[in-house]
Amino acid sequence: MTLTLNQRAAVLSVVLLLAGLLVWEVSIAAGGAGSAELTEYEKLTGGGAPKAGVPPPSQVIAKAWAELSDPFYDAGPNDKGIGIQIGYSIYRVLSGYLLAALVAIPLGFLIGMSPVAWRALNPFIQVLRPISPLAWMPLALFIIQDSEASAIFVIFICSIWPMLINTAFGVAGVRADWVNVARTHELGTLRTAFTVILPAAAPTIVTGMRISIGIAWLVIVAAEMLVGGTGIGYYVWNEWNNLDLTSVIFSILMIGVVGMALDAAFGVLQRAVAYAE
Amino acid sequence: MPIKSLGDPFAAKTDLRHGAACGCEGCRSDAAETVAADSEAMLERAIESAVVRSMFGHSDVSRRSFMGMVGGSTVAAALASVFPMDKAKAAILDTLGAPEKTDLTIGFVPITCATPIIMAQPMGFYEKYGLNAQVIKTAGWAVARDKSLNGEYDASHMLTPMPLAMTLGAGSVAEPYIMPAVENINGQAIVLSNEHLDKRDPAQWKGFTFGVPFEFSMHNFLLRYYVAEHGLDPDVDIQIRVVPPPEMVANLRAGNLDGYLSPDPFNQRAVWENIGFIHILTKEIWEGHPCCAFAAPLSFATELPNTYGALLKSIVDATQYASDPANRKEISAAIAPTNYLNQPVPVIEQVLTGRFADGLGNVQDVPDRIDFDPFPWHSMGVWILSQMKRWGYIEGDVDYRGVAEQVYLAADCRKIMEDLGYEAPAETYRSHTIMGKTFDPAAPEAYVESFAIRKA
């Protein structure tokens with residue numbers, strides 16, 4: 001029986017994962033003190049209690065099991081299940097992201113189709129693009145006067161640039177032949193844009209969208225750590241507050257999984273709009 | 001039931017100048033309704049009106065402004081404590097000052113200084129005064145300030161210097177803030193990393209990096225004061241960084257900080273994690289110093305006077321409850337869960353009960369390591385302003401007393417303390433002794449000048 005390339009890769013992945021977890025578990029388990037009778041001082045310094053240290057994977061898995069078995073509990077404004085926290089984060093990411101898409105794609109089209117607009121707007125884009133999204137946070141909090149809207153604004157401002165630039169690039173890069181063919185068929189500008197340029201530029205646009213959603217997900221965690229309240233970033237901060245590394249590692253994994261899922265969704269979209277020449 | 005002659009004497013809006021003989025438009029049109037009113041209630045009202053009028057003489061304006069300022073229910077309760085009013089009466093009195101808004105949002109930073117604000121929720125102090133308040137955990141002081149400024153929080157846990165600074169516009173936009181109650185006194189410590197076990201003398205701290213939770217904090221001012229008294233210039237000889245409380249322990253472990261003056265539980269947490277030791281409790285620097293406070297924008301008190309009164313009442317009540325050592329274990333268990341401080345119970349317990357491991361191998365017993373006392377002494381405000389002046393946070397002529405009296409609402413706090421049956425100080429100024437040096441609140445400028453190490 002021979003395995004396909006994919007199957008062999010999957011087996012190798014699992015083996016690597018298990019080996020990694022084993023090394024991790026063994027290296028942590030080494031430090032375990034015997035539980036003799038504790039003096040009062042030892043008790044007060046947490047002699048028997050677990051210390052904030054790197055936890056073994058078994059603990060992380062136990063934590064994950066506990067959290068994921070009841071992901072939507074709500075025990076007050078500062079203590080919600082992981083599912084609710086991630087829900088808040090995704091809601092913020094998507095709100096900011098959709099707003100950005102509404103602005104970036106039409107604007108990118110305009111810039112891509114008009115060399116004058118490209119040159120005129122390029123300096124602004126180049127200055128604004130490299131600004132770290134979180135640098136906007138204090139300003140946003142001050143001007144918008146609402147932490148929820150500020151977080152969404154930060155997502156907006158960080159997701160807009162890759163979409164804008166990729167759309168403009170994709171539109172500008174549509175083969176001149178195709179546009180000329182459209183012109184000989186006497187298609188109007190709008191019709192050309194939708195029937196010729198959009199399909200031709202779609203793969204580049206979706207690539208920009210895919211980059212954007214990745215950045216947006218990176219940023220929301222940091223933004224929520226700063227503002228607090230709800231969301232996966234708040235969850236990490238709150239557990240850090242308690243120096244509970246088990247929960248921190250668990251939430252890092254959750255962030256990774258959600259990020260992967262978002263990226264995969266755009267991967268599907270990308271394949272859908274791709275075309276072979 | 002707008003009966004002018006028997007209008008609610010505890011409401012700021014009503015006018016008591018109209019009497020039964022008054023023939024004015026308002027009184028005549030209301031006459032018909034008078035009959036319909038429950039006679040018993042009217043009798044009660046009449047008694048109240050008489051009592052209140054006798055208290056304020058003929059100055060209805062001063063009565064109205066007073067009710068507006070303190071809240072009718074407060075005064076009603078005050079009267080109830082003086083006049084023998086029966087229980088049926090008390091029930092009516094309760095409905096008099098119904099809060100205009102019951103759903104409140106109160107911000108807190110997860111430290112033990114916020115104990116009264118936090119415990120008031122799980123232990124039902126807000127409910128007791130008819131409020132449905134949610135306490136919201138906040139990531140740091142700058143965010144607490146911004147969320148408070150932009151109205152997301154109705155009131156907030158703050159550091160005692162913050163409302164002063166915000167009112168002056170130091171480090172933020174100027175917005176009048178009020179601080180009607182202090183939360184805790186004492187309750188902080190200087191913690192050093194275990195690497196510095198042999199450096200107990202501050203003279204050896206040259207080049208150290210310290211963390212404080214916020215610029216406008218007692219932590220910053222006490223640390224500066226402490227090292228300056230030991231001959232170090234805090235702006236030159238050591239580095240002071242602003243680090244949010246929860247990040248202190250991690251930074252200490254990473255060697256990023258040599259020590260910090262931070263709120264608990266993070267001092268005790270450093271000992272619990274075997275990273276640092278408690279060098280000195282701040283109560284040894286200034287016994288009874290203020291630390292954190294309950295603050296709100298001035299607009300909250302003026303626009304929602306009854307809500308403000310009820311909220312202040314719950315806070316003062318909770319603060320007094322927390323000051324009883326017998327209640328501290330129960331409180332520790334109430335505020336330790338994830339929804340509040342999110343800390344191990346034994347750590348909180350050591351902070352609140354004052355029986356703690358100091359990280360040097362001793363178990364210490366200091367019952368007032370942290371204590372709770374709501375009274376906002378004006379003299380404390382003046383001291384804080386004197387230190388802000390000393391270290392260059394504010395410049396020029398400072399109206400020490402004016403600002404302190406505008407922000408620290410000692411009169412409101414005293415009123416509520418007395419209503420609740422607690423003893424409140426008659427004075428609002430007193431001298432304080434800090435590291436053996438006496439501070440006279442009457443001469444703040446001379447006090448600032450008296451320090452050899454200062455910026456201004």
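Quick note on labels: first sequence line is chain A, next is B, and so on, each numbered from 1.
With a 4.5 Å cut-off on side-chain heavy atoms, B:N342 and A:W240 do not count as touching. Here the side chains of B:N150 and A:D146 are not in contact, with every heavy-atom distance at 4.5 Å or above. With contacts defined as side-chain heavy-atom distances shorter than 4.5 Å, the pair B:E247/A:N241 does not qualify.
When all heavy atoms of B:E152 and A:Q145 are compared, the closest pair comes out as OE2-O, 4.4 Å. For the pair A:L141 and B:D146, the tightest heavy-atom approach, listed with the atom from each and the gap, is CD1-OD2, 4.1 Å. Contact record, B:T138 with A:W237: O-CH2, 3.5 Å, taken as the closest heavy-atom pair.
Considering CD of B:E273 and CG of A:L243, their distance stands at 5.0 Å, rounded to 0.5 Å. Put simply, CG on A:D79 and CG on B:N339 are 5.0 Å apart, with the number rounded to the nearest 0.5 Å.
Of the residues considered (B:T105, B:V249, B:V135), B:V135 shows the highest number of contacts with chain A, using heavy-atom pairs under 4.5 Å.
Within residues 106-120 of chain B, the residues having any heavy atom under 4.5 Å from a heavy atom of chain A are, by residue number, B:F108, B:P110.
B:D358 touches chain A through backbone and side chain together, each having a heavy atom under 4.5 Å away. When heavy atoms are compared at a cutoff of 4.5 Å, A:I144 does not approach chain B at all. No part of B:I275 comes within reach of chain A, as not one of its non-hydrogen atoms sits under 4.5 angstrom from that chain. Neither the backbone nor the side chain of B:P244 comes within contact range of chain A, judged by heavy atoms closer than 4.5 Å. Looking at B:K147, the atoms closer than 4.5 Å to chain A (heavy atoms on both sides) all sit in the side chain, from C-beta outward.
Counting non-hydrogen atoms of other residues, nucleotides and ligands closer than 6.0 Å to CD of B:E330 gives a total above 12. Crowding of A:Y88 atom OH: a count of heavy atoms from other residues, nucleotides or ligands under 6.0 Å not exceeding 12.
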Taking only distance into account, with no hydrogens and no angle test, what donor-acceptor pairs under 3.5 Å do side-chain atoms of residues 92-100 of chain A form with protein atoms, sequence neighbours excluded?
residue: A:R92; atom: NE; partner: A:E148; partner atom: OE2; Å: 2.9
residue: A:R92; atom: NH1; partner: A:E224; partner atom: OE2; Å: 2.5
residue: A:R92; atom: NH1; partner: A:T230; partner atom: O; Å: 3.2
residue: A:R92; atom: NH2; partner: A:E148; partner atom: OE1; Å: 3.2
residue: A:R92; atom: NH2; partner: A:T230; partner atom: OG1; Å: 2.7
residue: A:S95; atom: OG; partner: A:Y91; partner atom: O; Å: 2.6
residue: A:Y97; atom: OH; partner: A:M209; partner atom: O; Å: 2.9

**Request:** Could you please spell out the steps behind the side chain to side chain contact (heavy atoms under 4.5 Å, CB included) verdict for B:R269 and A:N242?
**Result:** CA-CA 9 Å; B:R269 193 72 202 250; A:N242 190 15; 2.8 Å; yes
